[in-house]
There are 2 protein chains.
Amino acid sequence: MLRLTKRSEYGLMALAYLGSRAAEFCSVREMAEDMAVPARLLAEVLKDLARAELINSQRGPNGGYQFAKDPTHFTIFDIVEILEGEVQFTNCAPGLTCTRESSCTIHGAISKVAEQVKGVLDGFTLAHLTPGHPDHMMSAATAAKSLQV
Amino acid sequence: MLRLTKRSEYGLMALAYLGSRAAEFCSVREMAEDMAVPARLLAEVLKDLARAELINSQRGPNGGYQFAKDPTHFTIFDIVEILEGEVQFTNCAPGLTCTRESSCTIHGAISKVAEQVKGVLDGFTLAHLTPGHPDHMMSAATAAKSLQV
DNA sequence: TTAATTTAGCACCGACTTGGTGCTTTTAAA
DNA sequence: TTTAAAAGCACCAAGTCGGTGCTAAATTAA
Ligand code: SF4
Ligand code: SF4
């Protein structure tokens, strides 16, 4: 539980993939094959990322997707929001769903938690995911870039 | 998305409630009424917390639930794990579901994120949620208007 | 022009999860 | 014995998630 969706996972993988390929246009078919993920679903995800203008799309033969100018400063938080909708740790945030916010004794702490979780997601950028980039984090043992919370 | 479930939310609220009531046994009906949450569901949650021995249960008239000795050092992470099952930020953790962990370029960063998110949840204890406790975190909105019992 | 390749849009489905309820049994106090 | 309460367990409706089908539009190559 408290799991990232496949959409986010595939999206992050795709962005890392495109980042390491720099300028070229890559088709969904090519990417899906290399990444070993379902092509149709990856396509949906890439459409969303293109709509959000993180990547450029090009139709027709030799078309595909390409990194936009420099999206490496986008954070994991941004990607998750684009692909899963607004990140709401509880139902109290926009005051809509919860009717007992005024008397809730845990609201204070909970919103602190939510804030920090968002902080974590915002502390990682695409640069951290992109192989070849100086900030890339390879498997388990990597210099800990601690967050500031 | 990336939302806490109601089970966790109700569980945390219930624990905060019990914490501020110290020694007494409180029945589900009483708690549900004061907290304005569905009684039957709250009951299910409390059962789980009792099974995990964070709270004591007592059947029969004047029975109910009560804080166990001193669970204030339990963290939000613990509660969420009890009520939602193991917290898995992605599917790679126990090596079961994911078949491409070896070639995954984002695995390093993603597991760092997961680790830090868990760290956040582990950084808050029941003490932070319990009104009256010196470590309690009040929200601006709730300052004076805590539920009276 | 025509055909092929590729993204865009959008609806849809099956499986699982979540929030919530019903009902019966057990425990314990009055 | 009656009554208040938790324990256990099954069940349901609605939503989410992973994934697919299908058609249309754009671009390139012949
Ligand atoms: S944490 Fe409190 S204020 Fe927020 S949704 Fe839950 S009950 Fe409402
Ligand atoms: S992050 Fe990589 S290793 Fe982990 S589940 Fe996703 S693809 Fe597998």
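Both backbone and side-chain heavy atoms feed into the values below; hydrogens, waters and symmetry mates do not. The structure presented is a predicted model; accordingly, all values stated were derived computationally and were not measured. Throughout, a chain's letter reflects where its sequence line sits, starting with A, and its residues are numbered from 1.
The side chain of A:T5 contributes no N or O atom lying less than 4.0 Å from OP1 or OP2 of D:dT16. Taking side-chain N and O atoms only, B:R51 has a distance below 4.0 Å to OP1 or OP2 of D:dG8.
Between B:A14 and B:M35, the shortest heavy-atom contact is N-CE, 3.7 Å. The two residues A:F124 and B:A109 have their closest heavy-atom pair at CE2-O, 4.2 Å. Taking both residues in full, the closest heavy atoms of B:A16 and A:T105 are given as CB-OG1, 3.8 Å, listed atom of the first, atom of the second, then distance.
Rounded to an integer number of Å, the gap from CZ of B:F25 to P of D:dA6 is 10 Å. Going from atom CD of B:E9 over to atom P of C:dG19 covers 9 Å, rounded to whole Å. If you take CD1 of A:I55 and C1' of C:dA8, they are 13 Å apart, rounded to a whole angstrom. Across the protein-nucleic acid pair, A:D48 atom CG and C:dT7 atom P stand 14 Å apart, rounded to whole Å. What separates CG of B:L46 from P of D:dA7 is a distance of 9 Å, to the nearest Å. Computed from coordinates, the A:L83 CG to D:dT16 C1' distance equals 16 Å when rounded to whole Å. If you measure from atom CD of B:Q88 to atom C1' of C:dT17, you get 15 Å, rounded to the nearest angstrom. Put simply, CD on B:E30 is 12 Å from C1' on D:dA5, counting in whole angstrom units.
Evaluation of atom-type donor-acceptor distances gives no pair under 3.5 Å for the side chain of B:K6 against the base of C:dG20.
With B:H133 contributing its side chain and B:L126 its backbone, the two residues share no donor-acceptor pair below 3.5 Å. Not a single donor-acceptor pair under 3.5 Å links the side chain of A:H136 to the backbone N or O of B:G108.
A heavy-atom distance below 4.0 Å to DNA chain D is reached by these residues of residues 10-20 of chain A, ordered by number: A:Y10.
Note that CZ of B:F77 and OG of B:S8 are 11.5 Å apart. Values are rounded to the nearest 0.5 Å.
The salt bridge (Lys or Arg N to Asp or Glu O under 4.0 Å) pairs that include a residue from residues 107-117 of chain A number zero, where partners must be two or more places apart or lie in different chains.
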Please tabulate, for the side chains in residues 44-64 of chain A, all donor-acceptor contacts under 3.5 angstrom to protein atoms that are two or more places apart in sequence or on a different chain.
{"unit_1": "A:E44", "atom_1": "OE2", "unit_2": "A:R40", "atom_2": "NH1", "d": "3.3"}
{"unit_1": "A:E44", "atom_1": "OE2", "unit_2": "A:K47", "atom_2": "NZ", "d": "3.0"}
{"unit_1": "A:D48", "atom_1": "OD1", "unit_2": "A:R51", "atom_2": "NH1", "d": "2.5"}
{"unit_1": "A:D48", "atom_1": "OD2", "unit_2": "A:R7", "atom_2": "NH2", "d": "2.1"}
{"unit_1": "A:N56", "atom_1": "ND2", "unit_2": "A:Q66", "atom_2": "OE1", "d": "3.2"}

What are the atom names and distances for every N/O pair under 3.5 Å that joins the protein to nucleotides 3-6 of chain C?
{"unit_1": "C:dT6", "atom_1": "OP2", "unit_2": "A:R29", "atom_2": "NH2", "d": "2.1"}
{"unit_1": "C:dT6", "atom_1": "O4'", "unit_2": "A:G60", "atom_2": "O", "d": "3.4"}
{"unit_1": "C:dT6", "atom_1": "O2", "unit_2": "A:G60", "atom_2": "N", "d": "3.4"}

Give each protein N/O atom lying under 3.5 Å from an N/O atom of nucleotides 10-15 of chain D, with the pair distance.
none

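The shortest distance between side-chain heavy atoms of B:Y10 and B:T5 does not fall below 4.5 Å. Contact annotation: the side chain of B:R21 approaches that of B:E30 to within less than 4.5 Å [non-hydrogen atoms, C-beta and beyond]. Side-chain atoms of B:M13 and B:L42, non-hydrogen and from C-beta on, never get closer than 4.5 Å to each other.
A:T75 meets the side chain to side chain donor-acceptor pair (under 3.5 Å) test with A:D78, A:D122; sequence neighbours excluded.
When distances are taken from the side chain of B:K47 to each of C:dA8, D:dA7, D:dG18, the shortest belongs to D:dA7. Candidate nucleotides D:dC9, C:dA8, C:dT21 were compared by shortest atom distance to the side chain of B:P38, and C:dT21 ranks first.
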